[in-house]
There are 2 protein chains.
Amino acid sequence: MADLQPPPEDIPGNEFEVIPPALAERIARRGAGATIYDIAELANVNPSTVSRALTKPGRMSQKTEARVRAAAERLDFRFNTAARALPTGRSHMLAVVVSDITNPMIFGILRGAEQAAAAAGYALVIAESQESGLAEAEAIQRLIPSVDGFVLATTRLSDLRIRDIASRRPVVLINRDVEHVPGILPDVRTGVDQLMDHLLGAGHRTIAYLSGPTSSWISRRRWERIVERAVDAGVAAVEIGPNAPTVDGGSEAVDRVRAARSTAVIAFNDLMAIGLMRAAAAAGISVPGEMSVAGFDDIFGSEFIVPALTTVRSDLARAGERSVEQLLGVLGVGEESTPLSELLETSLIVRGSTAPLA
Amino acid sequence: MADLQPPPEDIPGNEFEVIPPALAERIARRGAGATIYDIAELANVNPSTVSRALTKPGRMSQKTEARVRAAAERLDFRFNTAARALPTGRSHMLAVVVSDITNPMIFGILRGAEQAAAAAGYALVIAESQESGLAEAEAIQRLIPSVDGFVLATTRLSDLRIRDIASRRPVVLINRDVEHVPGILPDVRTGVDQLMDHLLGAGHRTIAYLSGPTSSWISRRRWERIVERAVDAGVAAVEIGPNAPTVDGGSEAVDRVRAARSTAVIAFNDLMAIGLMRAAAAAGISVPGEMSVAGFDDIFGSEFIVPALTTVRSDLARAGERSVEQLLGVLGVGEESTPLSELLETSLIVRGSTAPLA
DNA sequence: TTGTAGGCGTTATCAG
DNA sequence: CTGATAACGCCTACAA
């Protein structure tokens, strides 16, 4: 490229083969890359014109715009996001705060969110609360001044705190419903119903729910729906919990589960279901022979544990994607204008961990 | 708090019970929180004094500093990171770029990195390249102006490109060695040796290596060491690959693995090992009866697949942690001063997927 | 020890 | 359509 013959001066787009040494040196010495001032100098226009050309294309003379673009490209220009954020108040950063990054259900969300953000030229900041409401609140406070919005995935915060944050920055919730705050929710009702239909159809009359943390809205909702269905069907349902939403949390509940003498157990999530099955195996309880087990999420691993786990899947990547799309919509970036909560379809995946009552 | 009696004026730290309405309204109307100007007004000092008091504690009059701190706290002040980044050139953000966020080995790294970053008041920006070198390079270019440094985890970039990035921003590599660029590496030699000892000790004389992507430095290194050990021991070793470093990548290799007629297979990572075992099961090949299988990483799931996977574990959370500590060290933030590469200990986890040659 | 003033890179408001 | 100029919030010599 560089050793092509310099073309005639009047052919647009091929100018700027040569960068004035003075300019080049100044940029190099500064170290941080070219600025709109450098471009302005090279293209012989005012910095404000450069800003305009690069920010709102089409609103100015074709020729000038082309000149500016060419110069910018020649200097390998990138906006300084901090400088940009100052007058606009927009950092072009979104925060995703998750409770436990090692929960495989999270990375689906992250992938979806990252893609949607990247597609819109936004960067994703990630914060982990390690299941602690305090740490979560603190992290969010820290981030408020530097991000344009929040995706709160599986948050442990109170409604009050969430509203407070939402009043300062756009917030989209995942797996949590708070009035007046948009959220992406799995269709709990349908999901639980599918699972209950499956279990009831298999003849189970005593069902236990291994619940998650008290602060988990979605865990409560699942339990509520289970109760409704159990009452309707005239079968017994008991809640065992709260438990940590982890493999260990599931394992540690095995004695209480056994004591409940239920023939089927629905765990709040797959992590717990897997923990329970492992502990059950260690205790000599046969699954699904003596006890059927099911979970939610269909995480990596659910498919190949033995027996393979029956579970209610929801499209987490989609949830992550939709959450940032909603955020961008509120920020006026995307094409969206739907500020409301939406339900995500779920599907029951029947595998070997559940079986008809013997 | 707010309805306590206002204490005598001369007790420090208890001033500012009442915020002048004018100030309060101005801040509220602005919407973006208090600035050092607001604090200055409240504490009756110059903004630069506020900056000093908050930035370099101890270098000024105790009394003034206390006044400023009190005022700042009263106004719930947070630095505007963008504004701060402008004069200093420091965004207080670190980027972690990963090739595939759905690989369970990644979240160990992320957790460690996030913790270390948060502890130092840094935020973590995450970028995923989806195994594409182009996407990776593009994402990095975008981020260069807005982050203070990069952790490149399992990167697919060329040495040249990595050096280029490293010349613009501090870079720490994970699972990749490039001269003059600090990196956190597993101890490949020891790891492979442990595994080879195990396999050779079990009588295997024909070993296959299911390699990862061509661009994976660590995959090549593992293969090299396997070859060395095979030559030393006088046994046969063949490479089967390259393959995608995923479950599917492992599954799709099953025919080639079978064709190789090796009694033991070492996969580049656990994901591939799992894929291979599933495909083997589907094809009626017994593991470890007809074929032993081992992997690397000890990801979530390796323990409870059947048979449980023999694997070489390395402490990924530690790798993530060390990588940002090194970055912070270079940035002059941490207490560290070790700019060099370091080796992470690995340990062999023997499980059911490997067995003595029948 | 504290205040003054200029600058960081960009946007936005006005003129021209 | 383009240029000048004042913010944006903070930092940092330099001066007092």
Side-chain angles (χ1 to χ4, degrees), chain A residues 23 26-27 29-69 71-72 75-93 121 144-146 148 332, chain B residues 23 26-27 29-69 71-72 75-92 121 144-146 148:
Chain A
L23 216 201
R26 196 142 43 76
I27 296 175
R29 214 160 17 105
R30 197 185 318 122
T35 72
I36 57 171
Y37 285 83
D38 302 321
I39 299 175
E41 188 174 329
L42 186 58
N44 236 300
V45 294
N46 190 279
S48 66
T49 302
V50 174
S51 174
R52 241 173 276 140
L54 265 24
T55 315
K56 359 183 111 74
R59 295 204 190 181
M60 51 184 311
S61 133
Q62 297 276 320
K63 216 179 65 187
T64 317
E65 189 179 322
R67 273 176 65 73
V68 170
R69 292 196 116 55
L75 294 178
D76 194 28
F77 170 80
R78 316 272 163 168
F79 281 110
N80 177 323
T81 53
R84 202 170 202 190
L86 210 35
T88 59
R90 293 272 168 110
S91 62
H92 285 236
M93 303 232 165
I144 280 186
S146 27
D148 294 346
Chain B
L23 216 200
R26 196 141 43 76
I27 295 174
R29 215 162 15 108
R30 198 184 317 120
T35 72
I36 58 171
Y37 285 84
D38 301 322
I39 299 175
E41 188 174 328
L42 187 57
N44 236 298
V45 294
N46 190 280
S48 68
T49 302
V50 175
S51 174
R52 245 173 269 139
L54 266 25
T55 317
K56 357 183 112 73
R59 295 203 189 181
M60 49 184 314
S61 136
Q62 297 277 318
K63 217 179 64 186
T64 319
E65 190 178 323
R67 275 175 64 72
V68 171
R69 293 194 117 54
L75 295 177
D76 194 28
F77 171 79
R78 315 273 164 169
F79 280 110
N80 176 323
T81 52
R84 202 170 203 191
L86 210 35
T88 60
R90 294 273 168 109
S91 63
H92 285 235
I144 280 186
S146 29
D148 295 345

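A note on names: the letters A, B, ... follow the listed sequences, proteins ahead of strands, and every chain is numbered from 1.
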Inset, instruction - For the helix from dT1(C)-dA16(D) to dG16(C)-dC1(D), measure the angle between the helix axis at one end and the axis at the other, each built from five pairs, rounding to 10°. - result: 40°
Quick check for you: to the nearest 0.5 Å, what is the distance between [X] atom [atom1] and [Y] atom [atom2]?
X: E65(B); Y: K56(B); atom1: CD; atom2: NZ; result: 12.0 Å
X: L42(A); Y: R67(A); atom1: CG; atom2: CZ; result: 8.0 Å
X: T81(B); Y: I144(A); atom1: OG1; atom2: CD1; result: 12.0 Å

Inset, instruction - Select base, sugar-phosphate, or nothing to describe what R90(A) touches, counting heavy atoms under 4.0 Å on all strands. - result: nothing
Inset, instruction - Could you identify which residues of residues 35-49 of chain B place a heavy atom less than 4.0 Å from some atom of DNA chain D, listed by residue number, or say none? - result: T35(B), I36(B), Y37(B), S48(B)
Give me the atom names and distance for the closest heavy-atom approach of [X] to [Y].
X: G89(A); Y: D148(A); answer: O-OD1, 3.9 Å
X: I27(A); Y: G33(A); answer: CG2-C, 4.0 Å
X: M60(B); Y: A53(B); answer: SD-CA, 3.4 Å
X: F79(B); Y: T55(B); answer: CZ-OG1, 4.4 Å
X: G121(B); Y: H92(B); answer: O-ND1, 4.2 Å

Which residues share a salt bridge (charged side-chain N to carboxylate O under 4.0 Å, His left out) with [X], sequence neighbours left out:
X: D38(B); answer: R26(B), R30(B)
X: R78(B); answer: D76(B)
X: R59(A); answer: none
X: R90(B); answer: none

Validation: residues 44-51 of chain B side-chain donor-acceptor distances under 3.5 Å, sequence neighbours left out:
unit_1, atom_1, unit_2, atom_2, d
N46(B), OD1, S48(B), N, 2.9
N46(B), OD1, S48(B), OG, 3.0
S48(B), OG, R52(B), NH2, 3.3

Inset, instruction - Strictly below 4.0 Å, heavy-atom distances to any atom of DNA chain C: list the hits from residues 52-62 of chain B, or just say none. - result: R52(B), M60(B), S61(B)
Inset, instruction - Within residues 75-88 of chain B, find the residues that approach DNA chain C with a heavy atom at under 4.0 Å, and present them sorted by residue number. - result: L86(B), P87(B)
Legend entry - Main-chain N/O of S146(B) paired with S91(B) side-chain donor or acceptor, under 3.5 Å: yes
Inset, instruction - Would you grab the first and last nucleotide of DNA chain D (5' to 3') that comes under 4.0 Å of any non-hydrogen atom in chain A? - result: dC1(D) to dG9(D)
Inset, instruction - Start with the C-alpha distance between V68(A) and L54(A), add both sets of side-chain angles, then the distance that settles side chain to side chain contact (heavy atoms under 4.5 Å, CB included), and finish with yes or no. - result: CA-CA 8 Å; V68(A) 170; L54(A) 265 24; 3.7 Å; yes
Legend entry - Contacts of P87(B) that satisfy side chain to side chain contact (heavy atoms under 4.5 Å, CB included) - sequence neighbours left out: none
Legend entry - Interface limits on DNA chain C, where chain A has a heavy atom under 4.0 Å of a nucleotide atom: dG9(C) to dA12(C)
Legend entry - Pairwise side-chain contact, N80(A) with T35(A), heavy-atom cut-off 4.5 Å (strictly under): no
